[in-house]
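Heads up, the thing below is written out as structure tokens.
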Amino acid sequence: MMNQQSLSAFIWSVADLLRGDYKQSDYGKVILPFTVLRRMDCVLEATKSAVLTEYTKKQAEGVNPDPYLVRESGQKFYNTSPLDMKKLMGDPDHIRENLYSYIQTFSPAVRDIFENFEFHTQIERLHKSGLLYQVTEKFAQIDLHPENVDNHQMGLVFEELIRKFAEISNETAGEHFTPREVIRMMVHLLFIEDDEVLSKPGVVRTIYDPAAGTGGMLSVAGEYLVEHNPQARLTVFGQELNSESYAICKADMLIKGQDVTNIAYGNTLSDDGHPNKHFDYMLSNPPFGVEWKKVEKEVRKEHEQQGYNGRFGPGLPRVSDGSMLFLLHLIAKMRPANEGGSRFGIVLNGSPLFTGSAGSGESEIRRYVLENDLLEAIVGLPTDMFYNTGISTYVWIVSNRKPEQRRGKVQLIDASEFWQKMRKSLGSKRKELAEDHIAEITQLFGDFAEAHKDGKPISRIFRNSDFGYRTITIERPLRDEQDNIVLGQKGKFKGKQQPDSSLRDTENVPLNEDVEDYFKREVLPHVPDAWIDHDKTKVGYEIPFNRHFYVFQPPRSLEEIDADLMAVTERIQSMLEGLKA
């Protein structure tokens with residue numbers, strides 16, 4: 001039996017054939033679809049003749065053969081060609097035409113994978129380079145039969161290949177690839193309170209990723225469950241916009257025996273591939289800071305026409321960053337609390353924490369999340385964790401079934417110092433989380449308590465309302481040149497003092513504080529003639545994450561600084577003396 005390393009090494013050896021004709025970053029375009037093709041070839045071999053017999057029979061009867069062929073193949077897919085990869089080898093002169101016809105006779109979901117891989121382009125390219133027969137032959141020789149390589153092993157091999165290719169072409173890797181250890185941490189946080197439920201035999205749970213990339217998040221979640229409870233089943237759902245990533249994700253799911261019709265293609269924000277569906281768990285790393293101009297029309301229409309019946313009821317963020325739309329999309333996909341509820345993890349950059357003043361789309365979205373008690377925790381990760389950006393990132397854990405002790409509260413965990421240096425940087429990624437870091441973060445989350453490390457806070461607990469504030473408008477009277485208050489002549493200000501718009505100011509008052517007390521303490525001592533225009537008051541929410549973990553470092557004493565300066569001056573002096581000599 002071939003182990004995973006030697007299997008990957010074999011597949012990797014195909015790269016030697018491609019060297020020279022292909023750029024390294026394009027190897028994956030050949031090796032991934034061929035690996036999928038050979039795996040399916042092996043999986044279908046045992047039932048091939050039964051499928052062909054059934055196919056001929058149903059065609060003669062004029063019946064749609066699809067359900068019968070799925071049953072005969074014992075898989076979620078089938079192939080109706082008398083060819084297989086061994087037979088392809090028997091006719092070197094027609095390898096190209098025969099390969100095409102073999103691929104065309106797979107069931108629709110599988111054909112869709114090869115179309116999105118743009119496999120025909122690679123077949124043409126290999127044909128022109130005179131490599132098509134050699135490459136096909138290499139794959140025809142490898143044994144990927146399920147009795148020798150089970151779904152789990154095959155899944156690991158395929159993922160390792162995906163990762164290798166993503167690392168080689170890391171200029172785009174970050175778009176479709178979340179570091180595995182970050183996903184592992186998120187999965188631990190998602191499942192931590194449900195370990196008991198998940199370890200019951202026969203449990204079936206659904207998990208969904210609306211920006212699935214190559215399916216990494218869904219795979220890691222599946223692996224976690226297999227490790228913790230081999231009897232639990234995780235049915236995965238996803239959607240992906242990039243056609244190659246979509247093909248890889250679907251292929252990965254197919255290899256693992258998942259139903260690939262659950263992976264939708266297209267833009268989640270404008271065209272939800274799973275309308276009216278709700279899920280137990282969700283995970284997502286949507287693109288950071290990517291504008292949503294292309295889908296603005298559809299998103300605005302849903303917001304205005306469907307309101308809270310649609311996905312974007314609470315508000316819309318600015319067009320320059322669509323990540324909060326994914327947050328709203330996931331909230332809309334939560335299983336209702338009375339049906340068992342949901343929990344999800346989403347990776348966001350810093351701006352959703354605080355961008356936008358009271359009344360703005362971003363603030364209204366935060367307000368909705370906090371006033372509905374959906375936010376369990378936010379974990380601040382180290383910088384340089386992702387392939388395509390060095391910025392700080394935050395994982396939000398959101399749930400509509402909070403355990404009793406978490407209700408009305410939010411936990412902030414500062415894990416920015418939890419990292420080890422990577423042996424070799426990959427794009428912008430220079431740091432990684434080690435297993436003990438993941439364990440520590442999971443423990444902090446599980447303990448749900450304030451905690452310190454090296455004299456600094458690393459876990460803090462707040463009430464939801466601690467993040468809310470009212471923006472009040474402070475007015476002052478209009479005065480004439482003699483400094484007398486001008487009274488209004490008509491309208492609502494008739495006979496009353498009018499506000500002077502040039503002196504208008506605003507103040508943010510914490511929600512947990514009385515507005516009048518604040519006004520008397522902070523405003524009136526400085527401007528005794530001021531008043532609050534209550535009609536203009538707005539409620540806002542922000543989460544100033546870093547401020548809550550800031551530790552004041554007192555400046556050094558002047559004596560210390562002087563002594564340092566003296567030492568430096570003396571060193572320079574002696575260097576100059578040395579030059580003269």
message = Is it the case that atom CG in Leu565 sees more than 12 heavy atoms from other parts of the structure closer than 6.0 Å?
response = yes

Considering all heavy atoms, the nearest Val290-Pro287 contact = CG2-CB, 3.4 Å

key: Minimum-distance pair of heavy atoms, taken over all atoms of His303 and Gly313   =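 Distance-wise, the nearest heavy atoms are CE1-O, 3.5 Å.
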
Residues [X] and [Y] bridged, charged N to O under 4.0 Å:
X	Y	value
Arg366	Glu371	no
Asp533	Arg504	no
Lys256	Asp252	yes
Lys301	Glu298	no
Arg470	Glu507	no
Lys453	Glu440	yes
Glu364	Arg367	yes
Glu404	Arg407	yes

ask   = Which of these, Arg460, Glu450, Arg406, Glu376, sits in a side chain to side chain donor-acceptor pair (under 3.5 Å) with Gln411?
value = Arg406

request  = Quick one: which residue pairs count as a ring pair (Phe, Tyr, Trp, His ring centres under 6.0 Å) with a foot in residues 203-225, not counting sequence neighbours?
outcome  =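 Non-adjacent pairs meeting ring pair (Phe, Tyr, Trp, His ring centres under 6.0 Å): His188-Tyr224, Phe191-Tyr224, Tyr208-His274, Tyr208-Phe279, Tyr208-His329, Tyr224-His228.
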
ask   = According to the ring pair (Phe, Tyr, Trp, His ring centres under 6.0 Å) rule, which pairs have a member within residues 332-369, sequence neighbours left out?
value =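 Of all non-adjacent pairs touching residues 332-369, those that pass ring pair (Phe, Tyr, Trp, His ring centres under 6.0 Å) are Tyr308-Tyr368.
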
request  = With rounding to the nearest 0.5 Å, note down the distance linking CZ in Arg335 to CE in Met282.
outcome  = 9.5 Å

Rounded distance (nearest 0.5 Å) linking atom CE of Met334 with atom CD1 of Ile331 = 6.5 Å

request  = Return the orientation label for the Phe467 and His548 ring planes: parallel under 30°, perpendicular over 60°, tilted otherwise.
outcome  =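 Geometry flag for His548 against Phe467: perpendicular rings.
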
Counting only N and O atoms by type, is there a donor-acceptor contact under 3.5 Å from the side chain of [X] to the main-chain atoms of [Y]?
X	Y	value
Arg311	Leu330	no
Thr206	Asp280	yes
Lys250	Ser245	no
Gln258	Val260	no
Thr214	Cys249	no
Trp292	Leu325	no

task = Please check if any side-chain donor atom of Asn512 sits under 3.5 Å from a side-chain acceptor atom of Ser465, or the reverse.
result =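 Note: Asn512 and Ser465 side chains meet the donor-acceptor criterion.
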
query = Going by distance alone, is a donor N or O of one side chain under 3.5 Å from an acceptor N or O of the other, for Asp321 and Ser351?
reply =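 Result is yes, a qualifying pair exists.
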
